[in-house]
Amino acid sequence: MELLYLLCSIVFTSLTSLILSLLLPFHALLRRWGPSRGASTYCNDVAGPISLYEGTVWHQRRHPVHHSFQYRVRYALFDLDRAPHAPPDHLSADEARQLTDTNGPILLLTIPPSVGYEQNPLNVYYCYAVEGSTRHLKKCIAEVTNTPWGERVSFIFNPHSDLVAKSLHVSPFMDMLGSWNIKASDPGENLTISISVHHPEHGNYFTASLKAKRLCSSSESDHAVFFWLMPHKVAVWIYWNAVKLWWKNVRFVQHPRYSIPTYREEALVRDQKLQCCGLSDDNVHLQQKGSDQGCLAEISSSNRWFRWRDAKWPWS
């Protein structure tokens with residue numbers, strides 16, 4: 001049944017994207033004839049409200065088979081205090097500052113939706129602290145989304161290097177054991193993000209990285225063309241390499257919500273152990289709350305904060 005839902009979703013998304021793509025030239029003409037927004041360049045202006053990046057995503061698996069791939073990708077870096085049209089369904093600048101106890105700018109690295117479709121395996125918020133006339137990157141917030149379920153986990157990490165317990169069923173070809181070793185550079189002319197999976201049995205058996213370079217953009221109206229079908233290309237790469245792993249007889253792992261309903265709480269316990277801290281009822285808070293995007297589960301402690309978003313229909 002889930003396979004049928006997936007096929008229907010692919011067909012619906014394809015038709016919607018086709019129609020919106022045909023309308024894209026007319027939309028561009030209307031923007032050109034509309035009120036002038038003024039041209040601006042972002043290639044030499046790090047502090048611009050929106051910066052465009054282009055680079056390469058690289059994945060390598062070393063167990064139980066060797067499998068690697070890479071693809072070109074385009075990202076936007078939004079200054080959430082200044083960008084006129086930041087993507088919806090994300091934290092605001094004030095929320096990110098409150099969560100990370102920072103007082104400076106908040107930048108969001110994401111792939112904006114294109115022709116009715118969004119696909120973001122990883123979003124990153126860069127949270128800065130300001131001291132006098134200087135600022136430094138103090139914390140980051142990661143938003144990890146799995147495919148095809150659309151579940152999301154958000155957590156705070158130290159950008160210089162951090163070890164975080166795996167808290168989301170990202171791939172049906174990986175179990176929930178292990179942790180993520182994650183690092184993110186301060187975005188400038190170049191940016192890098194790397195994640196490796198440390199497994200108790202297989203060791204450091206999976207690595208993913210993003211390396212990108214900042215580009216020039218003449219005006220905001222170019223963005224619809226710049227990101228045209230970018231989310232779709234990411235989805236194609238995800239599904240195509242899933243087929244390749246299946247063809248290589250990599251074991252399919254059932255979603256833990258069926259076998260381990262408490263996997264989120266267990267991830268928090270493992271994360272506390274990684275930080276060499278005790279876990280008690282006094283410093284852990286679990287809250288369920290409704291939202292327009294589905295049920296959110298939020299767990300926080302004195303050292304880490306996690307927020308999960310449940311799968312959307314029909315996966316919920």
Side-chain angles (χ1 to χ4, degrees), residues 46 53 55-63 68 70 73 75 77 91 96-97 99-110 120-131 134-146 152-168 170-171 174-214 266-279 283 299-307:
V46 177
Y53 284 82
T56 302
V57 169
W58 177 73
H59 284 210
Q60 184 183 48
R61 172 191 285 264
R62 293 173 287 276
H63 180 87
S68 64
Q70 64 180 26
V73 68
Y75 273 88
L77 185 69
L91 296 171
R97 275 189 285 266
L99 289 169
T100 57
D101 190 26
T102 54
N103 62 348
I106 303 294
L107 308 182
L108 169 62
L109 183 70
T110 186
N120 266 304
L122 176 66
N123 297 315
V124 175
Y125 299 81
Y126 299 86
C127 307
Y128 292 85
V130 175
E131 298 176 0
T134 63
R135 75 176 194 181
H136 67 275
L137 182 60
K138 180 180 178 182
K139 292 289 183 181
C140 284
I141 301 175
E143 285 181 344
V144 182
T145 304
N146 58 15
R152 177 186 293 172
V153 65
S154 305
F155 57 87
I156 299 170
F157 70 93
N158 182 343
H160 305 295
S161 183
D162 210 342
L163 199 59
V164 182
K166 185 179 179 182
S167 49
L168 186 70
V170 177
S171 168
M174 291 184 182
D175 60 33
M176 285 295 297
L177 299 178
S179 56
W180 293 322
N181 188 351
I182 182 169
K183 293 191 293 185
S185 68
D186 192 344
E189 281 295 317
N190 299 281
L191 67 81
T192 60
I193 300 172
S194 64
I195 302 175
S196 58
V197 178
H198 292 252
H199 194 276
E201 297 179 8
H202 313 314
N204 185 3
Y205 80 108
F206 177 84
T207 303
S209 66
L210 165 66
K211 295 183 179 180
K213 182 178 180 62
R214 187 157 50 91
E266 292 184 7
L268 178 64
V269 173
R270 287 187 284 110
D271 192 74
Q272 290 284 334
K273 291 181 179 179
L274 289 174
Q275 299 177 71
C276 300
C277 295
L279 181 65
N283 64 358
I299 296 180
S300 60
S301 74
S302 58
N303 299 289
R304 187 83 74 189
W305 168 86
F306 290 89
R307 175 185 289 171

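The minimum heavy-atom distance linking H160 with L137 is given by the pair NE2-O, 3.9 Å. Taking each heavy atom of S161 and N181 in turn, the nearest pair found is OG-OD1, 3.6 Å. Across all non-hydrogen atoms, the minimal contact from S167 to V153 is OG-CG2, 3.5 Å. Heavy-atom minimum distance, K166 versus M174: NZ-CB, 3.4 Å. Among all heavy-atom pairs drawn from L122 and A142, the shortest one is CD1-CB, 4.1 Å. Residue A165 comes nearest to A267 through the heavy atom pair CB-O, 3.4 Å, listed as atom of the first residue, atom of the second, then distance.
Separation of atoms CZ (R214) and CG (L77) is listed at 9.0 Å; rounding is to 0.5 Å. Rounding to the nearest 0.5 angstrom, the gap separating the SG atom in C127 from the NZ atom in K138 is 10.0 Å. One distance of note links NE2 of H59 with CG of L210; it measures 9.5 Å at 0.5 Å rounding. Of the inter-residue distances, the one linking L91 atom CG with Y125 atom OH reads 4.0 Å to the nearest 0.5 angstrom.
Checking T102, D186, T100 one by one against Y128, the side-chain hydrogen bond (donor to acceptor under 3.5 Å, both in side chains) holds for a single residue, D186. Remark: of the listed residues I141, V144, L108, L108 is the sole one forming a side chain to side chain contact (heavy atoms under 4.5 Å, CB included) with N123. Partner of L163 under the side chain to side chain contact (heavy atoms under 4.5 Å, CB included) criterion, chosen from L274, I182, D271: L274.
Heavy-atom neighbours of K211 NZ from other residues, nucleotides or ligands within 6.0 Å: at or below the threshold of 12.
Between P187 and Y53, some side-chain heavy-atom pair lies under the 4.5 Å cut-off. Using a 4.5 Å heavy-atom threshold, the side chains of E266 and M176 count as separate. Residues L168 and F155 fail the side-chain proximity criterion, which asks for heavy atoms closer than 4.5 Å. Residues N190 and S185 fail the side-chain proximity criterion, which asks for heavy atoms closer than 4.5 Å. When side chains are defined from C-beta on, Y126 does not count as touching I106, because their heavy atoms never get closer than 4.5 Å. A 4.5 Å side-chain heavy-atom check between P105 and V130 finds at least one atom pair inside the cut-off. With contacts defined as side-chain heavy-atom distances shorter than 4.5 Å, the pair W180/V170 qualifies. Under the 4.5 Å side-chain criterion, counting only non-hydrogen atoms from C-beta, I193 is in contact with L109.
Using modelled atom types, one finds no donor on one side chain facing an acceptor on the other under 3.5 Å when comparing T145 with N120. In this structure, a donor-acceptor pair under 3.5 Å is present between the side chains of R62 and T207.
Not one N or O on the side chain of K183 forms a donor-acceptor pair closer than 3.5 Å with the backbone of T192. Judged purely by atom type and a 3.5 angstrom limit, R97 uses its side chain to pair as donor or acceptor with the backbone of G104.
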Given side chain to side chain contact (heavy atoms under 4.5 Å, CB included), test K139 with L99 step by step and report yes or no. CA-CA 10 Å; K139 292 289 183 181; L99 289 169; over 6 Å; no
Applying side chain to side chain contact (heavy atoms under 4.5 Å, CB included) to I156 and V164, what does each step give before you reach the verdict? CA-CA 9 Å; I156 299 170; V164 182; over 6 Å; no
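Between Y205 and H199, the angle of the ring planes goes over 60°, which puts this pair in the perpendicular group of the 30/60° scheme.
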